[in-house]
Student: 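Quick one: structure below, then a few questions.
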Amino acid sequence: MLYIYGATAHAKVAVETAEELKLDIAGLIDKSLLITDVFDYPVELHQEINQEEDMVFVAVLDSGLRQRIVSENCFWKYCSLIHPKAHVSKRADIGKGTLILPGASIAPDVQIGNHCVIGSNAVIASNTIVEDFVTIGPNSSIGSNVLIGSGSEISANIHISAEETIEKNSYIMSLQ
């Protein structure tokens, strides 16, 4: 069974992706006492996770908070959610706990770390490394031979040229 940690907008996207993948969703876990269900799935404050059978996906958009939740729950078994309408090369390497949304295109020899979010219609060119806990916004394009450091956030509609290095915990946003 799959448990989704979080119950806000990002969790709704994760739920729909898990449904597209025909995964059995047991419910959601969230610290808010105000949210009782998401799309008719129950939201619980705490949940006993069976470490051998249950999978967890952390559906929290903030990279730092996502990292803290994972570090506090290091014994959970995490799964990635790759939307069937995303194109991911068979020669790409995708870490655990990563979400890749519809329309995203991941080229060969791309390495995406653990617990990343790749937004809708994002494009990542060949030989690029995306480290753990990175968020890449929708409609962004990342050139070839780029390194994006862990914990970085790239907002929507950003273009990163080839051969660039983005330091860890960077925040790249449009000035528009």
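Along the sequence shown, the residues carry numbers beginning at 1.
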Student: Any side-chain heavy atom of Ile112 within less than 4.5 Å of one from Ile124?
Tutor: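 Side-chain contact under 4.5 Å: yes.
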Student: Tell me if a side-chain donor or acceptor on Ser105 pairs with a main-chain N or O of Val123 at a distance below 3.5 Å.
Tutor: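 Here the side-chain-to-backbone pair does not exist.
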Student: Walk me through whether Ile154 and Thr135 qualify under side chain to side chain contact (heavy atoms under 4.5 Å, CB included).
Tutor: CA-CA 6 Å; Ile154 312 295; Thr135 301; over 6 Å; no
Student: Do Glu164 and Ile142 make a side-chain contact, defined as non-hydrogen atoms from C-beta onward lying under 4.5 Å apart?
Tutor: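 Of all side-chain heavy-atom pairs linking Ile142 with Glu164, none is under 4.5 Å.
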Student: Test your reading of the model: is there a side-chain donor-acceptor pair from Asn114 to the backbone of Lys96, 3.5 Å cut-off?
Tutor: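 Between the backbone of Lys96 and the side chain of Asn114 there is a qualifying donor-acceptor contact (under 3.5 Å).
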Student: Please find the pair of heavy atoms, one from Gly113 and one from Cys116, that lie closest to each other, and give the distance.
Tutor: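 Shortest heavy-atom separation between Gly113 and Cys116 comes out as O-SG, 3.7 Å.
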Student: Any sub-3.5 Å donor-acceptor pair from Asp132's side-chain atoms to Ser150's backbone N or O?
Tutor: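 Such a contact is absent between Asp132 side chain and Ser150 backbone.
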Student: Let me see the working for Arg91 and Ser126 under side-chain hydrogen bond (donor to acceptor under 3.5 Å, both in side chains), right down to the final yes or no.
Tutor: CA-CA 10 Å; Arg91 292 177 176 87; Ser126 191; over 6 Å; no
Student: Is the shortest side-chain heavy-atom distance between Ser80 and Phe57 below 4.5 Å?
Tutor: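 With C-beta onward as the side chain, the pair stays apart.
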Student: Can you see which heavy atom on Gly143 is nearest to which on Val146, and at what distance?
Tutor: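 Heavy atoms only, the tightest pair is O-CG2, 3.2 Å.
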Student: Does a side-chain heavy-atom distance below 4.5 Å link Ile25 with Val15?
Tutor: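 The answer is yes, as the side chains (C-beta and beyond) meet within the 4.5 Å cut-off.
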Student: Closer than 3.5 angstrom, by distance alone: can the side chain of Ser152 be matched with the main-chain N or O of Glu167 as a donor-acceptor pair?
Tutor: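 Side chain of Ser152 to backbone of Glu167, a donor-acceptor pair under 3.5 Å: yes, one is there.
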Student: For a 4.5 angstrom cut-off between non-hydrogen side-chain atoms, does Val117 reach Leu61?
Tutor: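 Contact flag for Val117/Leu61 side chains = yes.
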Student: Taking the side chain as every heavy atom from C-beta outward, state whether Ile100 and Ile94 have any pair of such atoms under 4.5 Å apart.
Tutor: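 The answer is yes, as the side chains (C-beta and beyond) meet within the 4.5 Å cut-off.
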Student: Is it true that a side-chain atom of Ser120 and a backbone atom of Ala104 form a donor plus acceptor pair closer than 3.5 Å?
Tutor: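 Pair absent, no side-chain N/O of Ser120 close to backbone of Ala104.
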Student: Look at Glu16 together with Lys12 and state whether they make a salt bridge at an N to O cut-off of under 4.0 Å.
Tutor: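 A salt bridge is absent here (no side-chain N lies under 4.0 Å from a carboxylate O).
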Student: How about Asn145 and Glu163: does a side-chain donor come under 3.5 Å of a side-chain acceptor?
Tutor: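 On atom types as modelled, these side chains qualify, holding a pair under 3.5 Å.
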Student: Please, which pairs that meet ring pair (Phe, Tyr, Trp, His ring centres under 6.0 Å) have at least one residue in residues 100-137, sequence neighbours excluded?
Tutor: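 Listed once each, the pairs are Tyr78-His115, His115-Phe133.
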Student: Looking at Asp62 and Leu65, would you say the former's side chain and the latter's main chain have a donor-acceptor pair under 3.5 Å?
Tutor: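 It does hold such a pair.
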Student: Determine the minimum heavy-atom distance between Gly6 and Leu28, stating which atoms define it.
Tutor: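 In terms of heavy atoms, the two residues are closest at O-CD2, 3.1 Å.
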Student: Could you verify whether a donor N or O on one side chain and an acceptor N or O on the other, from Thr17 and His83, lie under 3.5 Å apart?
Tutor: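 Side-chain D/A pair, Thr17 to His83: absent.
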Student: Would you indicate whether the side-chain heavy atoms of Leu101 and Ile118 approach each other to under 4.5 Å?
Tutor: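 The answer is no; the side chains never approach within 4.5 Å.
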